[in-house]
Amino acid sequence: MITFDSTKCVACNNCIRVCPSVEANTVEHDEDGKVLFNINPDKCIRCGACVKICNHNARSYEDDTERFWADLKSGQKIIAICAPAVKVSFDGCWRNVLDILKKNGVEKIYDVSFGADICTWGHIRYLEQHPKTKLISQPCPAIVNYIKKFCHEALKSLSPVHSPMLCTAVYLKKYLGENTKIAALSPCIAKMDEFRETGLVEYNVTFERLGELLKRTGTNFEALRKVRSNFEFSGIQGSMGAVYPRPGGLKACLELENPNLNVITSEGTGRVYRDLDLYTSTGERDLPDVFDVLSCDHGCGSGPAIGMEMSIYRMSGIMNGIEKYNRTKRVKFDHKHRDKQFLQFDKQLKLEDFIRKYEPENIKKIVVSDAQIEDMLTQMHKHTETERNYNCHSCGFPTCRKMAEAIIKGVSAITSCAQYMQYEADVRRSHIEETNTAIGEVTGELNQVVAKLTQNIGDVKEAVGDISELNSTNHDQILGLSDILDELRRQSEEINHAMESINVSVAGFSETTRNISDIARQINILSINASIEAARAGNAGLGFAVVAQEVGKLATNSQEAVAEAEKSNALVFGDISTVSGIVDNINNKMNEIQEMMNAVRDNISVTMGKGNDISAAMTEVAEINQHVDGLVAKAESMLE
């Protein structure tokens, strides 16, 4: 089957251009909206043309090579049948390759050229038994798929004789009694459909995948070409059937047996399928006895899974060499030029064993009306007859109408139309020119806005500078205030010391007061005594002398007490003076603090004013920003 890798598809239209079944392709879009051309397997005929032409490797295929090899390695019994095109695929070492397969467990390998001889015999005998029958050859399974899916009217003319490979498989199973699995070695992807439908062959092993597998397992093909292999096919080898891979191979074999047959050929996806469509509308009188058709341009030697790119000259040289060899070794038997091989087939084989039937596949076709096509052509900007028949083929379709039909069917995308894209480019270019003019105007307005914005930003910057300066001043003021507070703390400590001194002085005053009180009391006693003595007359002189003496002592004590009191008083006054000075100093410092606080308050007031200025400026900046957003939106709308 044909596979698709979306990551490699570039929508180059090559697959569309070569595909004989247009509806086998389907348009998809990846997550980025990119157009991709995927495959509709129901409508794909597996011709492999897209695989051959896709140099991005977005199209590939799967066959049975890996399954065949795994089963072979597991010990399952498998025999192989090999198409004659192996000589092209493994030029110079095909015998070595087949010998490797035998050494890896393939029990027998048969030559499909022998099955091609049976196929030729079958056609000759069928035409003899059905006079005036018109046949379309069917060795190519892609042709069979196309007729079964899209050309049902031609199905009645499709040759019922098995292909060379199936003729070989039938011969092995029915006439040689081979009951093991059969692996077919071929250059064809579509053979898988033929094998699945008939159930005669289990594996479709393509030459390309086989070559890749052998390389992975260590085979050196350059070295193989230097070694002569003694490999020989099992059973009977073919004769002229070996030329079937080349264009007109069946024609050459049929005309060799019956020169009177009218056989014409058609090959290649760019021609054969159009010829098949024309076949059904052609009168029977003009149809050939056999229409020998192949999907690949240069026959099976250029099959999509051939595995080796070879020039047409080298390919033709190989096929011509095989044909010359087989022509020279043929032995004529009678006047009808039937050789011994055909006579042997007549004796051994039954024609009905090599006949198959076909069932049409009911593929739902998408019907498109002329009105839809006309509408699509209009959408593609094709309004005049010249535009609607531009037919440049860049989209992959022969005409603009076919392209429009394909878009409606979902097979292609409108962006694949070169004229449409040119028109869109012109419209876009005109729109861009208009937009450039408008953007120029917008740019001028933006320049003005930017100038105003720059001015506002300058104002904000200046205000921020003023705030920074004020903050610095506030910082210095606060540092000064901190120093004053430290000084106040020291002054408070001095006040505490002064108050302690005052307490001591007050204590001295208290002691002095007590002494004076004692002196007064003694003087009072002496006074009383003196009064008593005065009452005694006579002896008064002595008593008064004693009193006088005591009064003298009291006077002395009183003077000392007074002196001590004066001294304490002086100390008190000194301490009070100190305290008064400290208090004055504190008042001064408090005044300084008040002045600093007033300065800080003023700075803060100014800072707040600057903040208001900044707020107002930023409000204007925000308004300018909204204006800029509006201008940008306007520019974007112009670009859409």
Side-chain angles (χ1 to χ4, degrees), residues 1-68 140-146 148-150 186-197 203-213 268-270 273 295-297 302-307 309 361 363-366 393-397 402-403 405-417:
M1 61 177 293
I2 308 295
T3 59
F4 173 67
D5 186 344
S6 62
T7 63
K8 297 179 179 179
C9 180
V10 299
C12 62
N13 298 323
N14 279 334
C15 55
I16 301 293
R17 185 172 293 107
V18 300
C19 183
S21 170
V22 175
E23 292 183 24
N25 301 281
T26 179
V27 170
E28 294 181 354
H29 296 82
D30 64 10
E31 56 186 12
D32 297 323
K34 174 187 171 184
V35 173
L36 306 172
F37 292 120
N38 205 338
I39 303 164
N40 183 340
D42 293 333
K43 297 183 178 182
C44 177
I45 63 173
R46 261 75 74 183
C47 66
C50 61
V51 175
K52 290 168 63 176
I53 202 169
C54 183
N55 54 11
H56 307 288
N57 297 319
R59 299 283 180 100
S60 187
Y61 67 92
E62 295 177 353
D63 68 356
D64 300 319
T65 301
E66 296 295 336
R67 183 168 63 89
F68 154 74
C140 179
I143 297 290
V144 175
N145 284 341
Y146 182 81
K148 288 170 59 180
K149 290 175 184 286
F150 305 108
S186 81
C188 183
I189 299 171
K191 278 294 179 185
M192 183 180 291
D193 294 322
E194 181 180 282
F195 299 156
R196 297 293 185 271
E197 184 176 342
Y203 309 95
N204 181 37
V205 179
T206 61
F207 292 140
E208 182 176 32
R209 293 290 185 261
L210 177 60
E212 292 170 353
L213 185 146
T269 56
Y273 296 100
S295 184
C296 296
D297 290 338
S302 63
I306 192 69
E309 292 187 8
E361 295 185 23
I363 301 298
K364 184 178 180 180
K365 293 184 179 180
I366 303 173
H393 312 297
S394 63
C395 60
F397 296 94
K402 288 292 185 182
M403 171 61 171
E405 183 179 352
I407 296 173
I408 296 169
K409 290 181 176 181
V411 172
S412 187
I414 195 170
T415 52
S416 293
C417 175

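Quick note: numbers below take in every heavy atom, side chains included, and nothing from hydrogens, waters or symmetry partners.
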Donor-acceptor check, side chain of [X] to backbone of [Y], threshold 3.5 angstrom: yes or no?
X	Y	value
Asn204	Asp193	no
Asp63	Thr206	yes
Ser21	Lys43	yes
Arg46	Pro41	yes
Arg209	Gly307	no

Cys296 and Ser302, any side-chain heavy atoms less than 4.5 Å apart: yes
Close side-chain approach of Ile2 and Ile189, heavy atoms under 4.5 Å: yes
Assess the residue pair Phe4 and Arg59 against the criterion (side chain to side chain contact (heavy atoms under 4.5 Å, CB included)); give the C-alpha distance rounded to whole Å, side-chain angles, the decisive distance to 0.1 Å, and a yes or no. CA-CA 5 Å; Phe4 173 67; Arg59 299 283 180 100; 3.9 Å; yes
Before you tell me yes or no, could you show the steps for Phe150 and Asn145 under side chain to side chain contact (heavy atoms under 4.5 Å, CB included), namely the whole-Å CA-CA distance, both residues' side-chain angles and the distance that decides it to 0.1 Å? CA-CA 8 Å; Phe150 305 108; Asn145 284 341; over 6 Å; no
Indicate the atoms forming the closest heavy-atom contact of [X] with [Y], along with that distance.
X	Y	result
Pro20	Cys47	CD-SG, 3.8 Å
Gly268	Asp297	CA-OD1, 2.7 Å
Met403	Ser416	CE-CB, 3.7 Å
Cys395	Ile16	O-CG2, 4.0 Å
Ile306	Pro187	CD1-CB, 3.6 Å
Tyr273	Tyr146	CD2-CG, 3.4 Å

Are Lys191 and Asp64 close enough, and set up right, to give a salt bridge (charged side-chain N to carboxylate O under 4.0 Å, His left out), and what steps lead you there? CA-CA 11 Å; Lys191 278 294 179 185; Asp64 300 319; over 6 Å; no
All N/O donor-acceptor pairs, side-chain side in residues 405-414, below 3.5 Å, sequence neighbours left out:
unit_1, atom_1, unit_2, atom_2, d
Glu405, OE2, Lys409, NZ, 3.1
Lys409, NZ, Glu23, OE2, 2.9

With sequence neighbours left out, which residue pairs that include part of residues 29-41 fulfil the side chain to side chain donor-acceptor pair (under 3.5 Å) condition?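 Output for this query lists Glu28-Asn38.
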Report the C-alpha separation of Thr269 and Cys19 in whole Å, then their side-chain angles, then the decisive distance to 0.1 Å, and conclude whether the side chain to side chain contact (heavy atoms under 4.5 Å, CB included) test is met. CA-CA 7 Å; Thr269 56; Cys19 183; over 6 Å; no
With rounding to the nearest 0.5 angstrom, report the CE to SG distance, Met1 to Cys44. 8.5 Å
Residues Phe37, Thr26; criterion side chain to side chain contact (heavy atoms under 4.5 Å, CB included); working and verdict: CA-CA 6 Å; Phe37 292 120; Thr26 179; over 6 Å; no
